[in-house]
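Accompanying notes for the structure given below.
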Amino acid sequence: MNLAQFFWQGDALARSVALLLLAMSVGSWVDILWKTWLLRRASGDVARCIAVFWQSASVADAIQKIRAFDRESLVLPLVLATHLEASQTLASAGDRAQQLTRELRNALHAALAKLQYGQVLLATVGATAPFVGLLGTVWGIYHALIGIASAGHVTIDKISGPVGESLIMTAAGLVVAIPAVLAYNVLGRAVARLEAELEGFARDLRELCSTGVLGR
């Protein structure tokens with residue numbers, strides 16, 4: 001029996017497990033490829049934007065240049081957050097330093113949410129795919145034992161075929177989980193590096209604002 005026959009001759013639960021593993025694999029690989037592309041582009045954009053900001057003659061000049069480089073809108077919101085507008089709301093309550101800290105924190109959290117998007121999917125697939133495959137294995141072995149019991153006698157060929165085919169589900173679960181776990185760790189380090197750069201830039205902006213250069 002090949003894999004196609006194993007799939008089509010299985011019951012509803014076996015097919016559901018196989019389809020779920022397939023969906024998890026496709027979803028994780030789409031996420032991996034998309035995040036790899038996103039983080040590679042964001043890494044270059046953030047480095048260019050920060051360099052452009054410090055090399056600019058004025059804040060207005062820096063904003064115009066950053067708009068051309070910041071394709072994911074990670075750096076520009078931090079710079080714009082330093083321009084505080086007076087209003088009659090609780091957001092404007094307190095001194096200027098508190099308002100600036102709040103605005104920079106909100107802009108930074110929004111940027112980090114963009115970078116971390118998709119990590120939950122990889123973590124979920126990496127953690128659950130082996131158990132989904134194990135469920136298919138247990139269910140397949142159960143049906144194999146039922147078939148052997150109904151046959152009335154046990155031979156190696158009656159055991160090895162069904163059990164071996166059921167164990168394929170365990171292997172499939174690992175094949176789905178391992179790339180997701182590896183990608184989660186590798187991409188997570190890239191996200192952490194970008195987070196550190198953005199947090200450092202936000203801290204530098206706040207210190208620069210304390211001198212009165214920004215936010216006027």
Side-chain angles (χ1 to χ4, degrees), residues 20 23-54 56 59-60 62-87 89-129 176-210 214-215:
L20 179 58
M24 294 171 77
S25 178
V26 172
S28 63
W29 275 108
V30 170
D31 191 17
I32 290 170
L33 295 176
W34 172 73
K35 281 195 67 70
T36 300
W37 169 80
L38 174 68
L39 293 176
R40 180 176 299 177
R41 187 170 80 159
S43 179
D45 289 353
V46 168
R48 283 191 293 269
C49 289
I50 293 177
V52 161
F53 177 84
W54 294 116
S56 298
V59 177
I63 291 176
Q64 290 300 116
K65 293 178 180 179
I66 289 174
R67 289 184 191 276
F69 293 117
D70 196 14
R71 292 172 289 185
E72 299 300 327
S73 296
L74 300 175
V75 178
L76 183 61
L78 294 175
V79 179
L80 295 178
T82 62
H83 291 268
L84 301 176
E85 297 181 359
S87 63
T89 63
L90 290 177
S92 61
D95 59 27
R96 188 176 185 280
Q98 293 175 336
Q99 298 177 44
L100 180 61
T101 299
R102 181 168 55 250
E103 292 297 326
L104 284 173
R105 182 179 63 243
N106 293 339
L108 182 61
H109 286 174
L112 298 185
K114 293 181 181 180
L115 295 175
Q116 294 171 351
Y117 185 80
Q119 289 293 98
V120 174
L121 174 62
L122 295 179
T124 302
V125 171
T128 59
V176 173
I178 290 174
V181 172
L182 293 177
Y184 177 82
N185 293 330
V186 173
L187 297 176
R189 286 195 294 270
V191 170
R193 182 175 58 81
L194 285 172
E195 288 181 2
E197 291 185 18
L198 292 173
E199 288 174 357
F201 182 62
R203 184 166 52 251
D204 292 339
L205 285 176
R206 189 179 186 282
E207 293 177 356
L208 192 60
C209 283
S210 65
L214 298 181

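Keep in mind it's a predicted model, so treat the numbers as computed, not measured. If you read the sequence from its start, that first residue is 1, and numbering goes on from there.
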* By side chain to side chain contact (heavy atoms under 4.5 Å, CB included) - contacts of L187 (at least two apart) -> K35, T36, L39, Q119, L122, A183
* Side chain proximity check, F201 to L74, heavy atoms < 4.5 angstrom -> no
* To do: Not counting sequence neighbours, which residues clear side chain to side chain contact (heavy atoms under 4.5 Å, CB included) with V26? List them please.
  => L22, V30
* Sequence neighbours excluded, which residues qualify as salt bridge (charged side-chain N to carboxylate O under 4.0 Å, His left out) partners of D45? -> R48, R71
* To do: Specify the closest pair of heavy atoms between V125 and S28, including all atoms of both residues, with the distance to one decimal.
  => CG1-CB, 4.2 Å
* **Residues in side chain to side chain donor-acceptor pair (under 3.5 Å) contact with R41, at least two apart in sequence or another chain** => E72
* From I178 atom CD1 to L182 atom CG, the distance as rounded to the nearest 0.5 Å -> 7.0 Å
* **Spacing of E103 atom CD and L80 atom CG [to the nearest 0.5 Å]** => 11.0 Å
* Partners meeting side chain to side chain donor-acceptor pair (under 3.5 Å) with S73 (sequence neighbours left out) -> none
* Asked: Mind checking what makes side chain to side chain contact (heavy atoms under 4.5 Å, CB included) contact with A202, not counting sequence neighbours?
  -> L78
* Asked: Do Y117 and L38 have side chains that get closer than 4.5 Å, going by heavy atoms?
  -> no
* Structure fact -> side chain to side chain contact (heavy atoms under 4.5 Å, CB included) filter on S56, not counting sequence neighbours, yields V52, D61, A62, K65
* Asked: What's the shortest heavy-atom distance between I32 and P179, and which atoms?
  -> CD1-O, 3.8 Å
* CZ on F53 to CG on D70, rounded to 0.5 Å -> 13.0 Å
* To do: For S43 and R40, indicate whether the former's side chain and the latter's backbone hold a donor-acceptor pair under 3.5 Å.
  => no
* **Any pair counted as salt bridge (charged side-chain N to carboxylate O under 4.0 Å, His left out), so long as it reaches residues 182-199, sequence neighbours left out** => R193-E197
* In Å, rounded to the nearest 0.5 Å, how long is the span from CG of L198 to CG of L115? -> 6.5 Å
* Kindly compute the distance separating CG (L100) from CZ (R105), expressed to the nearest 0.5 Å. => 11.0 Å
* Structure fact -> Closest non-hydrogen contact found for A180 with G126 is CB-N, 3.9 Å
* When you measure from the side chain of D31 to the backbone N and O of G27, does any donor-acceptor pair fall under 3.5 Å? -> no
* **Atom of T124, atom of T128 and distance for their closest heavy-atom approach** => O-OG1, 2.6 Å
